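Heads up, the thing below is written out as structure tokens.
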Amino acid sequence: MKKLFFALIACGLLSACSDPDIEISIYEKHDPLFGVRYELLKIKAIEDDVTIEEIVANRGDCRLQKIKLPRKLSFGQSLNLGAYECDVI
């Protein structure tokens with residue numbers, strides 16, 4: 001199930017690209033204060049001047065942390081955001 005979630009995120013981020021300009025890492029985290037499990041998405045630019053225009057996880061069924069888009073990343077820069085309530089069916 002988790003692999004399907006990861007694949008959908010990758011497809012959503014890379015749908016407009018012919019060659020991947022980013023590297024996606026996903027970490028499972030737990031918030032000890034609220035007792036909530038969430039996924040931490042790390043999007044890292046592996047090319048110069050990458051612009052992230054839209055992020056869609058699980059076809060829009062995941063609640064993502066609000067960030068201002070579009071976001072420009074240079075080589076080596078990364079963007080971290082949380083994904084909550086991601087039920088993969």
Side-chain angles (χ1 to χ4, degrees):
M1 290 295 194
K2 200 171 252 198
K3 290 180 183 177
L4 176 64
F5 173 72
F6 301 154
L8 290 174
I9 289 173
C11 290
L13 287 170
L14 301 175
S15 62
C17 304
S18 58
D19 293 325
D21 296 332
I22 58 173
E23 181 180 278
I24 302 170
S25 302
I26 301 175
Y27 305 96
E28 188 172 307
K29 297 287 187 173
H30 183 267
D31 185 341
L33 183 61
F34 296 104
V36 178
R37 186 188 61 80
Y38 66 96
E39 314 299 323
L40 179 67
L41 307 175
K42 181 177 182 179
I43 303 165
K44 182 177 179 182
I46 55 174
E47 296 286 332
D48 291 328
D49 299 322
V50 174
T51 302
I52 310 254
E53 296 178 357
E54 182 179 21
I55 301 173
V56 177
N58 201 13
R59 296 184 180 175
D61 291 334
C62 288
R63 187 171 60 104
L64 296 175
Q65 176 183 349
K66 302 275 188 214
I67 59 170
K68 186 177 178 180
L69 294 175
R71 177 78 59 97
K72 290 189 177 189
L73 300 175
S74 297
F75 178 79
Q77 287 184 319
S78 62
L79 172 68
N80 295 323
L81 67 146
Y84 307 90
E85 301 172 6
C86 294
D87 294 327
V88 180
I89 43 178

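All values derive from a computational prediction rather than experimental measurement.
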Next item on the list: Report the hydrophobic cluster partners of Val36, with the cluster defined as I, L, V, M, F, W, Y residues connected by side-chain heavy atoms closer than 4.5 angstrom, directly or transitively.
Entry: Leu33, Phe34

Notebook entry, point to check: Looking at residues at least two apart in the chain, or sitting in another chain, which of them share a side-chain contact (heavy atoms from CB on, under 4.5 Å) with Tyr27?
Noted result: Ser25, Lys29, Leu40, Lys42

Check: Under the ring-ring contact (aromatic ring centres under 6.0 Å, His included) rule, what pairs show up with a residue in residues 36-61, not counting sequence neighbours?
Finding: Tyr38-Tyr84

Margin query: Using side-chain heavy atoms (C-beta onward) and a distance below 4.5 Å, is Ile43 in contact with Val50?
Written below: no

Check: Between Asn58 and Cys62, what is the shortest heavy-atom contact and its length?
Finding: CB-SG, 3.6 Å

Checklist line | Set of residues satisfying side-chain contact (heavy atoms from CB on, under 4.5 Å) with respect to Lys44, sequence neighbours excluded | finding: Glu23, Ser78

Notebook entry, point to check: Nearest 0.5 Å, what's the CG-CG distance between Leu81 and Leu64?
Noted result: 5.5 Å

Item checked: Heavy-atom side-chain proximity of Ile46 to Ile22 below 4.5 angstrom -> no

Next item on the list: Check whether any side-chain heavy atom of Arg37 sits under 4.5 Å from a side-chain heavy atom of Glu39, and report yes or no.
Entry: yes

Side-chain donor-acceptor distances from residues 65-77 under 3.5 Å, at least two apart:
residue : atom : partner : partner atom : Å
Gln65   : OE1  : Gly82   : N            : 2.9
Gln77   : OE1  : Ser74   : N            : 2.7

Margin query: Would you compute the distance between atom CD1 of Ile26 and atom CD of Glu28 and round it to the nearest 0.5 angstrom?
Written below: 11.0 Å

